[in-house]
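Here's the structure we're looking at; comments come further down.
Order of listing sets the numbers, starting from 1, for every ligand and every atom in it. Keep in mind that the numbers below use all heavy atoms, side chains included, and drop hydrogens, waters and symmetry copies.
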Amino acid sequence: MRGIKIIGTGMYVPETAADNNWFSTILDTNDEWIYSRTGIRERRISTDKPNYYMAVQAANAAIADSGIDPAEIDLILAATCSPDFFYPALSCLVQHYIGAVNAAAFDINSACTGFINALDTASRFLEDGDYRNILIVASERLAPHCDYTDRTASILFGDGAGAAVVTKGDKPMWSYLSAKGDPFNALYCKVDQSRSNCPLLKEDSEVSKFIDTEAKTHFMQMNGKAVYKFAVDAMNTAVTKVLERAKLIKENIDLYIPHQANARIIEAAVKSLGLPPEKVYVNLENHGNTSSACIPTALAELSQQGRIKDGMTICMVGFGAGLTSGAIVYSQ
Ligand code: UT7
């Protein structure tokens, strides 16, 4: 039986807050539009610290909360789509800075679904008994990848990190993971290869022809309406499928933690699934969409508020670029 227990959670958000009024000083937008269309009032921006700094802060907080020593961590899984380096992996940087001297480490990139995929992966590593304590850290510094002349996308995203220490649990867990490969139509961010000096490379490559304008090659490109539609459908499907696998009904779940993309996406899915809104955690008003960090940040906040109790059955659901989606049901 596959089972997990989350024994510690932690989070970190940068100090600098960019509220909707700040956006109205750089773009043709305003607080009324942004709040009514997204539910977001402000998001944090890591103005001077790298992604790995945030990841390390969240990881240290989760380890302190768990009460274990960093040397007892056997594996670190880092979820990110905005690393500071191609390599080493973010998880290796975290391993170094937290002193997890006995841990293996690798990264998972499935954008906003990263924490769900990492938690599912962790549960499978915990199965065979070789790995006892696994640190999952999801951390995103999206500001360098957003186009701050694009009022549709830049207003959505924030920076931050969340982490969880996971051990094998004695209650079953279930998951549903999905990918619908759609590389260029809905949401993508191309690696900037414009500084390459290999004389053999051709400028008009397979990838470059999808880029909107030369000046924007390295920025996130998003078709908001397409992602919106995908997100509502994906959340519906993932929750329905994972409940079917768990042989549970929606009333059996004590708490739903969705990816925090847009309050309207969450409301639409909650309505069509018939979930009681009071069981659905929403924190995007102050954080915006921090991609893979949304769900573990919510876990850490809920835990700090004393709202996660032993025996509770929790459903987490994520969706994002890829296009990927997934849900996990577990009992704490
Ligand atoms: O983790 C996944 C990441 N991505 C997402 O979750 C994105 C999902 N999509 C969305 O959240 C929404 O589609 C958006 C928030 C991006 C856009 O909301 P919308 O209700 O779909 O707006 P729209 O694109 O239909 O635009 C409506 C109008 C347009 O003006 P016109 O053509 O009607 O004159 C836009 O130009 O709103 C305009 N608009 C804005 N106006 C003020 C777009 N962005 C803004 C803005 N401020 N920031």
Original post:
With atoms numbered from 1 as shown, which atoms in ligand 1 lie under 4.0 angstrom from a non-hydrogen atom of C112?
Top reply: 1 (O)
**OP:** State yes or no: are the ring centers of Y97 and Y52 separated by less than 6.0 Å?
**Re:** yes
Original post:
Which residue supplies the protein heavy atom nearest to atom 7 (C) of ligand 1, what is that atom called, and how far is it?
Top reply: M222 SD, 3.6 Å
**OP:** Examine the side chains of T290 and Q260 and answer whether a donor and an acceptor come within less than 3.5 Å of each other.
**Re:** no
Original post:
Does F23 have a heavy atom less than 4.0 Å from any atom of ligand 1?
Top reply: no
Original post:
What part of F157, side chain, backbone, both or neither, has a heavy atom within less than 4.0 angstrom of ligand 1?
Top reply: side chain
**OP:** Identify which of K229, R151, K225 has a heavy atom lying nearest to atom 25 (O) of ligand 1.
**Re:** K225
Subject >> Where ligand 1 meets H259 - atom numbers and elements under 4.0 angstrom, heavy-atom basis >> reply: 1 (O)
**OP:** If you have a sec, work out which protein heavy atom is nearest atom 47 (N) of ligand 1 and how many Å separate them, to one decimal?
**Re:** T29 OG1, 2.6 Å
**OP:** Establish whether atom 5 (C) of ligand 1 and some protein heavy atom are separated by less than 4.0 angstrom.
**Re:** yes
Original post:
Looking only at N/O atoms, are T38 and ligand 1 under 3.5 Å apart anywhere?
Top reply: no
Original post:
Does a donor on one side chain and an acceptor on the other come within less than 3.5 Å for N20 and R43?
Top reply: yes
Original post:
For atom 1 (O) of ligand 1, what is the nearest protein heavy atom, given as residue, atom name and distance?
Top reply: N289 ND2, 2.9 Å
**OP:** Starting from atom 44 (N) of ligand 1, locate the nearest protein heavy atom and write down its residue, its atom name and how far away it is, to 0.1 Å.
**Re:** W33 CH2, 3.3 Å
Subject >> side chain to side chain donor-acceptor pair (under 3.5 Å) contacts touching residues 264-279 (sequence neighbours left out) >> reply: N236-S272
Original post:
Does the side chain of S24 come under 3.5 Å of the side chain of N30 through a donor N or O and an acceptor N or O?
Top reply: no
**OP:** Provide the full list of side chain to side chain donor-acceptor pair (under 3.5 Å) pairs with a residue in residues 316-332, sequence neighbours left out, each pair given once.
**Re:** T113-T324, T313-S331, Y330-Q332
Original post:
Do D107 and S91 get their side chains close enough for a donor-acceptor pair, meaning under 3.5 Å?
Top reply: yes
Original post:
Who gets closest to atom 13 (O) of ligand 1 by heavy atom: G224, S291, G39?
Top reply: G224
Subject >> Heteroatom proximity flag, I155 to ligand 1, N/O under 3.5 Å >> reply: no
Original post:
Which word best sums up how the rings of F125 and Y131 line up, parallel for under 30°, tilted for 30 to 60°, or perpendicular for over 60°?
Top reply: perpendicular
**OP:** Provide, to 0.1 Å, the distance between atom 27 (C) of ligand 1 and the closest protein heavy atom, together with that atom's residue and name.
**Re:** R37 NH1, 3.8 Å
**OP:** Would you confirm whether N133, through its side chain, and D74, through its main-chain N or O, come within 3.5 Å as a donor-acceptor pair?
**Re:** no
Original post:
Does ligand 1 have any atom that is closer than 4.0 Å to a heavy atom of A231?
Top reply: no
Original post:
Considering only the protein, which heavy-atom contact is closest to atom 11 (O) of ligand 1, and what is its distance?
Top reply: N262 ND2, 2.7 Å
Original post:
Under the 4.0 Å line, does any protein heavy atom show up next to atom 31 (P) of ligand 1?
Top reply: no
Original post:
Side-chain donor-acceptor pair under 3.5 Å between Y176 and E244, yes or no?
Top reply: no
**OP:** Please determine, by modelled atom types, if N51 and T80 share a side-chain donor-acceptor pair under 3.5 angstrom.
**Re:** yes
